[in-house]
Trainee: 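Please see the structure below; I have some questions.
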Amino acid sequence: MSQSKSNVQRLEDAGILKAAHFSEQDTKLIESITSEEVEVLIKLRAKLGETPAGKEHMRPNIIV
């Protein structure tokens with residue numbers, strides 16, 4: 001049985017954030033959101049489209 005991914009991993013895989021840009025405190029906050037909230041963020045990213053490479057931390061990136 002495989003372990004589920006963390007919220008940060010799921011959001012990074014969806015192209016919403018880069019984990020390297022966040023402090024430990026920020027990461028804990030992201031991990032506190034619900035799975036349903038993460039799903040909404042992933043769906044929003046799909047509707048908004050990709051960010052330019054290297055600019056993901058500059059675009060209004062939903063919550064992060």
Side-chain angles (χ1 to χ4, degrees):
M1 182 178 202
S2 65
Q3 292 185 349
S4 62
K5 293 182 178 182
S6 69
N7 288 345
V8 171
Q9 289 171 323
R10 291 176 62 205
L11 293 170
E12 187 166 29
D13 289 349
I16 296 172
L17 57 77
K18 295 278 187 189
H21 292 269
F22 295 91
S23 68
E24 186 176 331
Q25 182 179 2
D26 292 334
T27 300
K28 287 179 183 179
L29 180 63
I30 294 166
E31 293 305 327
S32 73
I33 64 176
T34 67
S35 182
E36 292 81 13
E37 291 167 327
V38 172
E39 287 301 319
V40 169
L41 295 173
I42 292 170
K43 288 178 183 180
L44 283 170
R45 167 54 70 215
K47 287 184 178 187
L48 293 173
E50 296 295 320
T51 58
K55 304 282 185 177
E56 66 282 330
H57 63 288
M58 296 176 70
R59 177 177 176 182
N61 221 352
I62 305 169
I63 62 155
V64 292

Trainee: Can you list the steps and then say if Phe22 with Val8 is a side chain to side chain contact (heavy atoms under 4.5 Å, CB included)?
Mentor: CA-CA 10 Å; Phe22 295 91; Val8 171; over 6 Å; no

Trainee: For Ser23, what residues pass the side-chain contact (heavy atoms from CB on, under 4.5 Å) criterion, not counting sequence neighbours?
Mentor: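 Once residues adjacent in sequence are excluded, the partners of Ser23 under the side-chain contact (heavy atoms from CB on, under 4.5 Å) criterion are Gln25, Asp26.
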
Trainee: Taking atom types as modelled and ignoring hydrogens, do the side chains of Arg10 and Ser35 form a donor-acceptor contact shorter than 3.5 angstrom?
Mentor: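 Note: Arg10 and Ser35 side chains meet the donor-acceptor criterion.
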
Trainee: Can you give me the closest heavy-atom contact between Ile30 and Leu17, atom names plus distance?
Mentor: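 It is CD1-CD2, 3.9 Å.
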
Trainee: Does Glu31 have any salt bridge (Lys or Arg N to Asp or Glu O under 4.0 Å) partners at least two apart in sequence or in another chain, and if so, which?
Mentor: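 Partners of Glu31 by the salt bridge (Lys or Arg N to Asp or Glu O under 4.0 Å) criterion come out as none, since no residue qualifies.
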
Trainee: Got a sec, which residues hit salt bridge (Lys or Arg N to Asp or Glu O under 4.0 Å) with Glu24, two or more places apart in sequence or on another chain?
Mentor: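 By the salt bridge (Lys or Arg N to Asp or Glu O under 4.0 Å) rule, Glu24 matches Lys28.
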
Trainee: Report the residues that fulfil side-chain contact (heavy atoms from CB on, under 4.5 Å) with Ser32, sequence neighbours left out, ordered by chain and then residue number.
Mentor: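 Result, side-chain contact (heavy atoms from CB on, under 4.5 Å) vs Ser32: Leu29.
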
Trainee: Among all residues two or more places apart in sequence or in another chain, which pass the side-chain contact (heavy atoms from CB on, under 4.5 Å) test with Ala46?
Mentor: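 Ala46 satisfies side-chain contact (heavy atoms from CB on, under 4.5 Å) with no residue once adjacent residues are dropped.
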
Trainee: For Lys43, give me all partners under salt bridge (Lys or Arg N to Asp or Glu O under 4.0 Å), at least two apart in sequence or on another chain.
Mentor: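 Lys43: no salt bridge (Lys or Arg N to Asp or Glu O under 4.0 Å) contacts found.
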
Trainee: Measuring from Asn7:CG to Glu39:CD, what's the distance to the nearest 0.5 Å?
Mentor: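 It comes to 10.0 Å.
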
Trainee: What is the distance from atom CD1 of Ile42 to atom CG of Asp13, rounded to the nearest 0.5 Å?
Mentor: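 Reported value, rounded in 0.5 Å steps: 8.5 Å.
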
